[in-house]
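One structure below.
Keep in mind that the numbers below use all heavy atoms, side chains included, and drop hydrogens, waters and symmetry copies. Chain letters run A, B, ... following the sequence lines, proteins first and then strands; every chain starts at 1.
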Amino acid sequence: MGNRYNFNEIELKWQRYWAQRGFHQTKKDASLKKFYCLEMFPYPSGKIHMGHVRNYAIGDVIARYKLMRGFNVLHPMGWDAFGLPAENAAIKNNVHPAKWTYENIDYMKRQLNRMGLSYDWNREVTTCSPEYYKWNQWFFLKLYEMGLAYKKASYVNWCPSCATVLANEQVIDDKCWRCDSIVSQKELEQWFFKITHYAEDLLKGCDELSGWPERVVMMQKNWIGKSKGVEVDFPIVGYDESLRIFTTRPDTLFGVTFMCIAPMHPFTKRLDINQPQIEQIIAKYGRMEEKEGFFTGYYAVNPLNNEKVPIYVANFVLMEYGTGAIMSVPAHDQRDFEFAAKYGIPIKTVIIPEDVSEDWRDGLKAAYEDEGILVDSGDFSGLNNDMAKGRIIRYIEDRGIGKGMVNFKLRDWGISRQRYWGTPIPIVYCKRCGIVPVPENELPVILPEDVRFSGTGGSPLLESEAFLKVKCYKCGGYARRETDTMDTFVDSSWYFAAYCIKEGFQDEDSKEKTYEPIDLKSTINNEHSSINYWMPVDQYIGGIEHAVLHLLYSRFFTRVLKELGINSTAEPFLNLLTQGMVCKETYRCAKHEWLFPEEVKGSVCIHCGGMVEKGRTEKMSKSRKNVVDPDMLIQRYGADTIRLFALFAAPPERDLEWSDKGVEGASRFLNRLWTIVHKNIKPFEKKSLPENLRSLLSSFKPETVSLLRKAHQTIRKVTNDIDKDYHFNTAIAALMELLNEISSFEMINDEDRAVSHFAVKNTLLMIAPFAPHIAEELWEAIGERNSIFQHGWPVWDEELAKDEDVELVIQVNGKLRAKLLIPAGLSYDEAKKIALEVPKITEIIGDKEIKNIVVVKGRLVNIVC
RNA sequence: GCCGGAGUGGCGGAAUUGGUAGACGCAAGGGACUUAAAAUCCCUCGCAGCUUGCUGUGUACGAGUUCGAGUCUCGUCUCCGGCACCA
């Protein structure tokens with residue numbers, strides 16, 4: 001590697017330079033245009049992985065670019081530091097979660113700095129520190145006051161392996177999102193945040209998320225899941241009560257042939273119903289393979305046509321949605337159809353297709369769920385079913401047997417976790433006073449450190465007498481502390497606001513005073529607060545895996561912030577970039593499962609000699625043995641190369657296939673840049689372009705003009721590519737093209753040297769956000785004094801970027817037949833004339849009659865004959 | 001099943017409002033330098049055919065609109081992602 005540049009030396013040099021000068025700190029001047037660039041903060045698991053590298057490289061380019069564009073840039077970083085792995089490590093290695101976590105943070109912070117990321121570390125937040133989680137507790141109290149935090153007994157998702165409760169969002173295919181264990185149902189007393197209070201608003205807000213990827217917005221909408229319908233009461237025969245159901249299909253009410261209630265519906269306990277059968281259904285809950293149920297022995301009356309219909313218990317009816325009871329219309333609902341077929345329940349058609357020519361009534365094989373005309377539906381017969389919906393709802397409301405209703409799939413957010421390493425919930429239980437919140441001035445409730453980690457399940461907090469025993473804040477009597485901690489998603493639901501405030505004052509008039517690092521209280525009703533200055537986040541960057549969980553919770557919390565008068569906007573993230581995964585090819589052998597590439601010789605497993613099958617490229621993961629270690633790469637190629645490759649190999653939102661050879665390519669490019677600049681440092685001493693450049697242009701040799709033009713075109717292209725959807729890959733490609741032209745350019749006279757210098761200077765400026773260290777170093781080498789980032793982003797001259805000659809494409813009947821260079825700006829008629837004079841074209845046309853000639857100015861002529 | 005997104009060389013990927021398909025990079029082949037290798041530099045590179053410069057063909061498949069379609073419309077297939085008994 002003889003003449004390669006010493007990246008290690010220069011990268012450390014500039015990292016020191018930036019750090020010593022506080023280069024990445026924000027300016028405390030509220031009159032400046034701000035740009036808040038945020039990447040999802042990592043969980044301090046030990047080391048950073050390639051996904052982090054990609055995420056943070058993308059964010060760093062944006063932050064540095066905006067800095068060069070003159071924005072006051074907030075680019076912070078922190079640690080999502082509470083969570084289960086720390087506790088598991090404690091059990092396994094007998095090390096306290098705090099120690100484990102902070103050591104990991106130290107290591108990872110060094111790694112991030114080694115990448116040359118432009119973070120303002122003064123604003124670093126660590127969620128497991130009391131200065132941070134105090135405010136989680138403060139939020140809890142506020143939500144409790146607002147009636148948005150409450151406790152209730154409910155069936156919850158229970159992961160037996162993690163010994164904790166999971167939110168609905170954390171259950172994937174009936175399995176724990178973290179450990180893949182089958183999740184069961186367990187009845188527990190839990191704290192909930194009433195996110196459903198904002199269901200309508202969160203849904204409406206989706207329309208404002210124009211800076212988000214469409215599919216993420218769609219996923220949020222689906223998750224909130226609004227449906228409009230009607231609730232109707234069906235009187236139970238021989239009983240003084242009604243069964244209330246919810247339906248979105250009031251138009252099918254006349255086709256009801258049975259009813260279904262959830263196994264956990266209150267009626268199943270109140271009425272005399274076969275309990276063992278219910279138990280059986282509940283046991284299989286969550287893992288049901290087919291529709292099952294049984295007849296309760298009771299009947300209900302359809303209030304619309306007074307028909308008597310049987311009531312079933314059915315496993316597919318959810319207690320948590322609607323009323324926990326449904327009307328069943330097998331003719332027009334596939335699910336009901338299957339249930340009816342299985343249990344021999346009659347099917348009654350009430351909607352027929354408008355085109356009745358087919359035999360719609362005979363041998364129905366599936367439910368008819370499309371539009372049509374109502375039949376056998378009393379006064380509503382003959383109506384279009386869609387129109388009938390509204391009328392039937394009105395009829396129901398007029399008769400007082402039900403009312404129009406909106407339902408959401410979104411459930412309240414269960415935040416209780418039976419774990420140690422999280423924020424203690426600031427509540428005590430008093431025999432006399434019941435649930436008593438910890439008063440605000442007693443915060444934070446500190447997580448005790450002197451606990452043991454046995455690993456036998458259950459929270460270690462239960463064993464800490466000092467923590468557990470407490471005086472009631474109301475009556476002074478004996479009380480017990482809540483031992484559950486909060487879901488760690490609470491921590492990440494507002495950290496973006498914490499960054500804003502960590503540094504304190506924004507301007508002198510502000511009444512905001514930061515007596516402690518994150519004082520949310522001081523910002524209440526202060527429109528000049530730093531939160532209001534920096535929020536919302538202008539660009540948020542992270543993985544698609546948070547499309548519902550974290551992003552939805554953050555939107556919820558930001559609404560609470562707004563209600564508290566802390567923040568003035570309801571939406572936290574203006575623009576969202578969801579970067580793709582980092583993938584790599586995999587290898588597997590029949591005996592030894594997944595293999596590291598080193599374990600494959602030729603196409604044979606080195607352990608057993610068996611044939612190795614090349615697996616698909618998959619997301620890098622330890623289990624697939626296809627990870628590459630960022631430390632190793634930085635050691636071998638330097639941070640600039642890794643960053644450049646991660647940005648060049650694919651557009652940010654797409655998956656990136658890792659390629660060792662591709663990294664070599666990026667490295668080659670930077671080395672080429674290095675040698676070309678160094679080769680030319682002497683000639684560059686004669687450097688400035690003449691003032692009257694344009695008038696001199698005609699005296700320059702064509703190559704010189706061409707390089708000048710290329711430089712201006714590249715500035716235009718790179719700027720547009722970054723501004724428009726962050727197309728870094730094509731921006732880098734354009735810079736490569738420019739460097740190719742610079743390298744083949746021969747300098748003969750002073751103006752050549754000046755133009756070449758101009759091209760190099762701008763190449764460095766444009767490469768700076770991508771590969772900041774080498775850019776700084778070469779910037780210095782060509783004689784510039786200040787940091788390259790203090791220089792503004794280059795601007796192009798539209799005149800100089802204009803092509804002199806353009807290639808005119810001549811088509812005959814849409815087929816490419818000739819190309820020739822013509823001066824730019826020729827008129828239609830001139831272009832036409834030139835095209836018709838090309839010998840080859842006249843030959844092709846021959847004596848055919850020309851029917852039409854289409855001219856696209858400066859591009860092509862199409863002769864139709 | 002429903003809702004999204006995507007299909008372009010050996011590979012990653014480029015292609016403004018429809019206007020030269022394959023930018024840039026990787027891999028491959030050839031050459032220069034070298035005792036040799038590495039590094040570097042130069043040339044070739046969608047496929048097929050031959051007269052080596054041209055002709056034909058080509059963006060998952062089939063139609064259509066258009067002077068002209070990777071791009072627009074309809075249909076089909078495949079892949080990926082999300083939701084999945086939500087009444």
Side-chain angles (χ1 to χ4, degrees), chain A residues 1-4 172-173 213-223 225-227 229 245-249 252 259-260 262 288-291 314-318 320-329 333-336 338-339 369 407-411 544-545 547-548 580-581 617 644-645 648-651 653-666 668-669 671-672 675 717 720 724 727 729-740 743-744 807-819 840 851-865:
Chain A
M1 297 206 180
N3 52 358
R4 293 200 164 190
I172 296 149
D173 292 335
E214 211 183 316
R215 65 171 175 148
V216 176
V217 178
M218 199 55 85
M219 281 160 76
Q220 295 246 329
K221 281 185 182 171
N222 287 343
W223 194 265
K226 179 180 179 173
S227 8
I245 60 97
F246 172 73
T247 180
T248 55
R249 293 294 305 274
T252 63
M259 317 280 291
C260 290
M288 66 188 86
E289 268 127 38
E290 57 178 291
K291 290 161 192 48
N315 64 346
F316 61 85
V317 181
L318 308 169
E320 299 85 356
Y321 185 78
T323 61
I326 59 167
M327 64 179 212
S328 292
V329 186
D333 180 292
Q334 187 55 29
R335 191 196 40 201
D336 295 345
E338 285 166 29
F339 194 86
E369 295 179 326
N407 262 306
F408 294 94
K409 286 190 207 173
L410 185 69
R411 318 280 163 72
I544 185 82
E545 67 271 19
V548 274
M581 300 180 295
T617 59
L644 194 74
F645 174 72
F648 175 64
E653 63 280 1
R654 234 193 274 187
D655 286 352
L656 181 153
E657 195 183 324
W658 190 264
S659 141
D660 294 335
K661 296 286 189 192
V663 183
E664 296 272 359
R668 246 190 318 258
F669 169 67
N671 275 293
R672 252 157 63 74
T675 40
K717 166 99 177 127
N720 289 340
K724 190 192 118 205
H727 285 171
N729 55 333
T730 50
I732 294 168
L735 288 168
M736 287 172 168
E737 276 185 68
L738 178 58
L739 186 69
N740 287 344
S743 90
S744 59
E807 205 173 24
L808 182 73
V809 170
I810 305 170
Q811 300 178 327
V812 178
N813 293 329
K815 275 203 176 126
L816 174 71
R817 293 301 175 183
K819 293 184 211 176
K840 214 187 130 189
K851 291 181 191 135
N852 189 13
I853 298 177
V854 182
V855 181
V856 179
K857 214 180 160 196
R859 265 182 201 273
L860 100 175
V861 175
N862 187 14
I863 300 158
V864 187
C865 59

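Within 4.0 Å of K661(A), counting heavy atoms only, lie sugar-phosphate atoms of the nucleic acid but no base atom. Counting any heavy atom pair closer than 4.0 Å across all strands shown, G665(A) reaches sugar-phosphate atoms only and no base atom. Counting any heavy atom pair closer than 4.0 Å across all strands shown, N729(A) reaches sugar-phosphate atoms only and no base atom. Backbone-only engagement by K815(A) is indicated by non-hydrogen atom pairs under 4.0 Å involving sugar-phosphate atoms exclusively. Across all strands, N740(A) comes closer than 4.0 Å only to sugar-phosphate atoms, never to a base (heavy-atom distances). Counting non-hydrogen atoms under 4.0 angstrom, Q334(A) reaches nothing in the nucleic acid. Across all strands shown, S659(A) has no heavy atoms under 4.0 Å from either base or sugar-phosphate atoms. In this structure, E664(A) reaches neither bases nor backbone, as no heavy-atom distance under 4.0 Å exists between it and the strands shown. Using a 4.0 Å heavy-atom distance criterion, R859(A) is classed as a base contact. Nucleic acid contact for F408(A): none, since no nucleic acid atom lies under 4.0 Å from a heavy atom of the residue.
Separating the P atom of rU71(B) from that of rA15(B) is a span of 16 Å, rounded to the nearest Å. Between rU59(B) and rG4(B), the distance separating the two P atoms is 27 Å to the nearest Å. Comparing the same atom, P, in rC72(B) and in rA27(B) gives a spacing of 34 Å after rounding to whole Å.
Pairing partner, rG4(B): rC80(B), with both Watson-Crick or wobble hydrogen-bond distances short of 3.5 Å. Nucleotide rA27(B) is matched to nothing when pairs are restricted to Watson-Crick or G-U wobble geometry with both distances under 3.5 angstrom. Partner assigned to rG22(B) is none, using Watson-Crick or G-U wobble distances below 3.5 angstrom. Pairing for rC86(B) is absent, with no Watson-Crick or G-U wobble pair whose two atom distances lie under 3.5 Å. In a base pair of the Watson-Crick type (N1 to N3 plus N6-O4 or O6-N4) or a G-U wobble (N1-O2 and O6-N3), with each distance short of 3.5 Å, rA36(B) is matched with no nucleotide. Pair check for rC45(B) finds none; no Watson-Crick or G-U wobble contact set falls under 3.5 Å. Of all nucleotides present, only rA63(B) satisfies the Watson-Crick or G-U wobble test against rU73(B), with each distance under 3.5 Å.
For V854(A), whose side chain is taken as the heavy atoms from C-beta onward, the closest listed nucleotide among rG5(B), rA87(B), rC67(B) is rC67(B). When distances run from any side-chain atom of R335(A) to the nucleotides rC86(B), rG19(B), rG4(B), the shortest one goes to rC86(B). In this structure, the nucleotide among rU20(B), rC83(B), rC26(B) sitting nearest to the side chain of R668(A) is rC26(B). Checking rC83(B), rU20(B), rA87(B) against every side-chain atom of K819(A), the shortest atom distance belongs to rU20(B). Distances from the side chain of P651(A) to the nucleotides rG13(B), rG25(B), rC3(B) place rG13(B) closest. Residue F648(A) has its side chain nearest to rC24(B) when only rC67(B), rC86(B), rC24(B) are considered. Of the candidate nucleotides rG12(B), rC41(B), rU20(B), rU20(B) has the atom lying nearest to any side-chain atom of V809(A). The side chain of R817(A) lies closest to rU55(B), out of rA87(B), rG4(B), rU55(B). With rU16(B), rG4(B), rC67(B) as the candidates, the nucleotide lying closest to the side chain of V864(A) is rC67(B).
For M218(A) and I732(A), each mapped to the nucleotide of RNA chain B holding its nearest heavy atom, the one lying further toward the 5' end belongs to M218(A). Residue whose closest nucleotide on RNA chain B sits further toward the 5' end, between E737(A) and D655(A): D655(A).
Close to rC86(B), at under 4.0 Å from its OP1 or OP2, lies no side-chain N or O of R249(A).
Rounded to the nearest 0.5 angstrom, T323(A) OG1 and I245(A) CD1 are separated by 6.5 Å.
Two residues are said to be in side-chain contact when any heavy atoms from C-beta on lie closer than 4.5 Å; F669(A) and F648(A) fail this criterion. Side-chain contact check for R335(A) versus I326(A): some heavy-atom pair is nearer than 4.5 Å.
A donor-acceptor pair under 3.5 Å is absent between the side-chain atoms of N407(A) and the main chain of S227(A), judged by distance alone.
One N or O donor and one acceptor, one from the side chain of R411(A) and one from the base of rC86(B), sit under 3.5 Å apart. At a cut-off of 3.5 angstrom, counting only N and O atoms as typed in the model, there is no donor on one side facing an acceptor on the other between the side-chain of N222(A) and the base of rC83(B).
More than 90° away from 0 lies the glycosidic angle of rG68(B), which makes this nucleotide anti.
Considering all non-hydrogen atoms of both residues, M327(A) and D336(A) come closest at O-OD2, 3.9 Å.
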